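Quantities reported herein were computed from a predicted structural model and do not represent experimental measurements.
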Amino acid sequence: MNIYLLIINITGLFIFLFIFWEKMKEDYIANQIFSTAFSIILGLILANILARLILPNWWFWLSFVGISVGFVTNIIRFKLRILETLDAIIIAVLPWLGLIFLEHALVNSNLHSFVGVIVIALLIGFYLFIESHYRKFTWYKSVRLGFSGLATVGLFFLIRGAIAVLFNDMLSFSGKRDPFLSAMVAFASIFTLYNLARRKQ
């Protein structure tokens, strides 16, 4: 890992911890919040070590699995609310991912990674907009949190899948399977959001 990427990851780590804590602090104690956050970070570290040793092109999806393992483990351990925790993870991870794309774009003068930075910035803006307005949507019957995160992750993977079809040499893409994997995650997010919208509680 070069020094620039190390600095980026340390910065992203602190941003992740702050945002995750900020989103969770009203409902959970510090021990639950930071234990969950560090489990997710540990999953990310182990996933990236595995990627560097065996599957370097799959670092994104292995990171996705690492985050998921940390998420599920602590949902069970602390009985956290799934959608609210997922919502916090999504908005906390996006800036970190955006910084990784930015480092790659600057160091390698990579136009595709610059596009990635722009997409991440737009998704953060989309999340913040939806977070402020989703309660006004008359078709959204549920009062539960999680709408913003599900909508953002669904849009993220829709965009990712579309770009992967056109450009397969971006930093986080892993070949011909990437569009199908992205489509599956996008469908799962949108389907969950659809079911959530139909519930009144």
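- Counting only heavy atoms from C-beta outward, the side chains of Leu99 and Ile15 approach each other to under 4.5 Å.
- Ile49 meets the side-chain contact (heavy atoms from CB on, under 4.5 Å) test with Ile45, Leu53; sequence neighbours excluded.
- No side-chain heavy atom of Lys79 sits under 4.5 Å from any side-chain heavy atom of Gln32.
- Hydrophobic clustering places Ile82 together with Leu193 (ILVMFWY residues linked when any side-chain heavy atoms are closer than 4.5 Å, directly or through intermediates).
- Rounding to the nearest 0.5 Å gives a distance of 4.5 Å between CG of Leu106 and CZ of Phe114.
- Each of Leu55, Ile54, Leu46 was checked for a side chain to side chain contact (heavy atoms under 4.5 Å, CB included) with Leu62, and the lone residue meeting it is Leu55.
- Using modelled atom types and a 3.5 Å distance limit, the side chains of Ser148 and Asp87 yield no donor-acceptor pair.
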Checklist entry - Should Glu131 and Lys23 be marked as a side chain to side chain contact (heavy atoms under 4.5 Å, CB included) after you check the CA-CA gap, both sets of side-chain angles, and the distance that decides it? => result CA-CA 12 Å; Glu131 181 74 3; Lys23 294 287 291 183; 3.3 Å; yes

Item to check | Chi angles and distances behind the side chain to side chain contact (heavy atoms under 4.5 Å, CB included) call for Ile130, Thr152 | outcome: CA-CA 9 Å; Ile130 294 296; Thr152 302; 5.7 Å; no

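- One hydrophobic cluster, built from ILVMFWY side chains closer than 4.5 Å, cannot hold both Ile124 and Ile118; they sit in different ones.
- At least one side-chain heavy atom of Ile40 sits under 4.5 Å from a side-chain heavy atom of Phe16.
- In this structure, the side chains of Leu102 and Ile8 stay at 4.5 Å or more apart for every pair of heavy atoms.
- Annotation: side chain of Ile10 is in contact with side chain of Phe14 (closest heavy-atom distance under 4.5 Å).
- Within the 4.5 Å cutoff, the side chain of Ser35 has heavy atoms near those of the Arg77 side chain.
- In the hydrophobic clustering of ILVMFWY residues, with side-chain heavy atoms under 4.5 Å counting as a link, Leu17 and Trp96 come out together.
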Next on the checklist: Using the rule given for side chain to side chain contact (heavy atoms under 4.5 Å, CB included), can you reason through Leu97 versus Phe60, listing the C-alpha separation, both sets of side-chain angles and the distance that settles it, and then say yes or no?
Outcome noted: CA-CA 10 Å; Leu97 182 60; Phe60 176 87; 4.2 Å; yes

Checklist entry - Where do Phe156 and Ile120 land on the side chain to side chain contact (heavy atoms under 4.5 Å, CB included) test, with the steps shown first? => result CA-CA 8 Å; Phe156 172 83; Ile120 295 296; 3.7 Å; yes

Next on the checklist: Asn48 vs Ser63, test: side-chain hydrogen bond (donor to acceptor under 3.5 Å, both in side chains). Steps then yes/no.
Outcome noted: CA-CA 6 Å; Asn48 277 272; Ser63 296; 3.1 Å; yes

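- Counting heavy atoms from C-beta outward, Phe64 and Val185 have side chains that approach closer than 4.5 Å.
- Between Lys25 and Phe20 the shortest side-chain heavy-atom distance does not fall below 4.5 Å.
- When ring centroids are compared, Trp61 and Phe157 come within the 6.0 Å threshold.
- If you chain together hydrophobic residues whose side chains sit under 4.5 Å apart, Leu158 and Phe187 never meet in one group.
- For Thr192, the side chain to side chain donor-acceptor pair (under 3.5 Å) test picks out no residue, with sequence neighbours left out.
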